[in-house]
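Single-structure report; data block below.
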Amino acid sequence: MEKHEIAVLDIKVGVMGEVLGSTGYSYIDMYELPHASLDAYACLVINGSSDQEFLLKHKAVIENFLDQGKVVLFGGQLFRPWLPGGSDFIPRTIHSHLDYHITVAKEHPIFEGVDPSELTYKKGVAGFFARGHHPVPEGAEVLLTLPDGEPTLYIDRSSTKGTLMVSSGYNLLGYRDGDSTSLIGERVEAWIEQEYKQLQEGVPSR
Amino acid sequence: MRKIAALYSGLSYQNRAWNEPKYRKYIADIVYVPDMGPESLAGFDVVLLPSRLHTGLLMKLKPLLDSFAAQGGTVVVFWPNDAEQIVPNQNWEDRPTNFWWWLDKNAKSGIEQRNPGHDLYNYITLQDATWHYHGVFWPQGDVVPLVETEDGGAILYVDKSSTAGTWVVTSLDPEFHYGSYFMPATERFLDGFLPWLAEGEL
């Protein structure tokens, strides 16, 4: 899989922490989604600053994409039912910075050697990563959690014939720096490639 | 009370900020930008533009905002993408955002109050407008600055001279932070700013 087989729905505005700029990925103006041909792509990345009314109106496009054995990444706060298996975001009541603490709930190659406190804190300040969660669909694999076990990152292979990776913070492709977090972005790319390959092996050719 | 149209482009933080009951009561209608037509702003006194609007939507909005202001309406702009194109009679200067100024030992935000007797300051304090900013405006016309950087770049100002209407312009993005459950000063800002827009002296 080549980098350009990852398509980012372009929100046409600079938002910190989201996947933007010259990454080697393909970019599709999000309002062109219903007209764009998605055949060439293995993965669709949907930013948190996307128009969820529009995505709801065109949810079939995303379902169809997944049902071809492909991968969708979303990071943000859901409030409309457009994402297969998705539930509305539930904010965590914050009393102190401890409420933002991230735990790796399940060992996964993406987080091998990653210090979770480096996900929670930037320059000693907490809260950039996740401030709440989405209840997960049945069968989801939970990778990261908040202090009371609220899942902030899950993988869903049950809701469609494809795979979703859903974060209540940023999607993780943007992680390219830090002491222990610098490899996360490329590992997510490798994970997408592997996931796509496995899915395609299981999908009857059209 | 002025009739405020809060523009909305389906983003989660706009949804939360505009629908919060303590803010919603000051908003006459939430208007979804992709569905807007030439008459969508008819009957409103104030149009409130959130930050981070898709550039294609902004270009579609521009003639509507210009004609709204030409008819005497009030346009309120939170940290605009493509500021040069949207806000009249000013030069925008992008500045690298310092998210961390308050961690320094002799913490100083570099943000200063102007016109302390202005009615806005019956609703908010300078501290309520102090988090970080993404750039400054250099207005060309006769405007009322309310918050500036030390070197005189405008962070919040009112411009009644460049058009027949009123432009309330800021490089702050309170609805993004409040709506993303992030940064308490932004809530205090909105707590005062929206009642001021609805009822105060602009």
Side-chain angles (χ1 to χ4, degrees), chain A residues 9-18 20 29-34 46-58 74-80 82-83 86 88-97 99-100 121-134 146 168-170, chain B residues 7-20 30-36 49-61 78-83 85-86 94 96-104 107 131-132 134-135 173 175-184 186-187:
Chain A
L9 278 194
D10 194 347
I11 52 178
K12 296 280 183 191
V13 56
V15 180
M16 192 185 73
E18 303 200 305
L20 302 156
D29 185 328
M30 73 155 298
Y31 288 111
E32 294 300 319
L33 177 66
I46 306 177
N47 279 320
S49 294
S50 297
D51 181 342
Q52 296 192 32
E53 306 290 354
F54 187 82
L55 291 172
L56 179 60
K57 205 167 151 188
H58 300 286
F74 173 73
Q77 301 179 352
L78 291 171
F79 70 98
R80 291 284 184 262
W82 57 270
L83 188 71
D88 283 358
F89 176 79
I90 300 175
R92 182 175 168 91
T93 304
I94 303 298
H95 301 289
S96 87
H97 62 100
D99 287 301
Y100 292 121
Y121 292 95
K122 269 191 192 173
K123 301 199 187 193
V125 179
F128 285 89
F129 192 78
R131 300 178 287 279
H133 77 286
H134 300 109
L146 283 167
S168 57
Y170 302 128
Chain B
L7 301 191
Y8 165 66
S9 62
L11 310 193
S12 60
Y13 31 89
Q14 298 164 351
N15 178 63
R16 185 203 178 201
W18 299 161
N19 286 297
E20 157 60 42
I30 297 171
V31 178
Y32 181 57
V33 180
D35 287 347
M36 282 175 77
L49 247 78
S51 64
R52 298 174 172 81
L53 283 173
H54 180 285
T55 50
L57 295 181
L58 271 179
M59 289 311 108
K60 172 185 162 168
L61 273 172
F78 288 162
W79 182 42
N81 202 19
D82 285 348
Q85 315 238 25
I86 290 299
D94 251 326
T97 304
N98 180 4
F99 296 103
W100 315 106
W101 61 269
W102 48 282
L103 294 176
D104 295 340
W131 55 96
H132 59 252
H134 299 271
D173 52 354
E175 91 298 351
F176 167 72
H177 291 286
Y178 174 77
S180 314
Y181 302 88
F182 204 19
M183 255 181 242
T186 61
E187 181 169 4

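Reckoned from all heavy atoms, side chains included, excluding hydrogens, waters and symmetry mates. This one's a predicted model, so the numbers in the text were calculated from it and none came from an experiment. Here is the naming used below: chain letters follow the sequence lines, and residue numbers restart at 1 for every chain.
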Closest approach of [X] to [Y] (non-hydrogen atoms, all atoms of both residues):
| X | Y | answer |
| --- | --- | --- |
| A:Tyr31 | B:Leu57 | OH-CD1, 3.4 Å |
| B:Ser12 | A:Gly48 | OG-O, 4.2 Å |
| B:Leu11 | A:Phe79 | C-CE2, 3.8 Å |

Discussion item. Please enumerate all residues that pass side-chain contact (heavy atoms from CB on, under 4.5 Å) together with A:Leu56, with sequence neighbours excluded.
Written reply: A:Lys59, A:Arg80, A:Pro81, A:Trp82
Worksheet item: Yes or no on side-chain hydrogen bond (donor to acceptor under 3.5 Å, both in side chains) for B:Tyr13 and A:Gln77, after CA distance, side-chain angles and deciding distance?
Response: CA-CA 8 Å; B:Tyr13 31 89; A:Gln77 301 179 352; over 6 Å; no
Worksheet entry | Contact class of B:Ser51 relative to chain A, heavy atoms under 4.5 angstrom | neither
Worksheet item: Quick one: is the NZ or CZ of A:Arg131 closer than 6.0 Å to the six-membered ring centre of B:Phe182, and within 45° of its axis?
Response: yes
Fill in: For A:Val13, the option from B:Leu53, B:Thr55, B:Asn81, B:Leu58 that meets side chain to side chain contact (heavy atoms under 4.5 Å, CB included)
B:Asn81
Item to complete: Please work out whether the ring planes of B:Tyr181 and A:Phe89 are parallel, tilted or perpendicular, with thresholds of 30° and 60°.
Response: tilted
Worksheet item: Between CE of B:Met59 and NZ of A:Lys12, what distance do you get to the nearest 0.5 Å?
Response: 12.0 Å
Worksheet item: Checking side-chain hydrogen bond (donor to acceptor under 3.5 Å, both in side chains) for the pair B:His54/A:Asp29: CA distance, chi angles, key distance, verdict?
Response: CA-CA 9 Å; B:His54 180 285; A:Asp29 185 328; 2.9 Å; yes
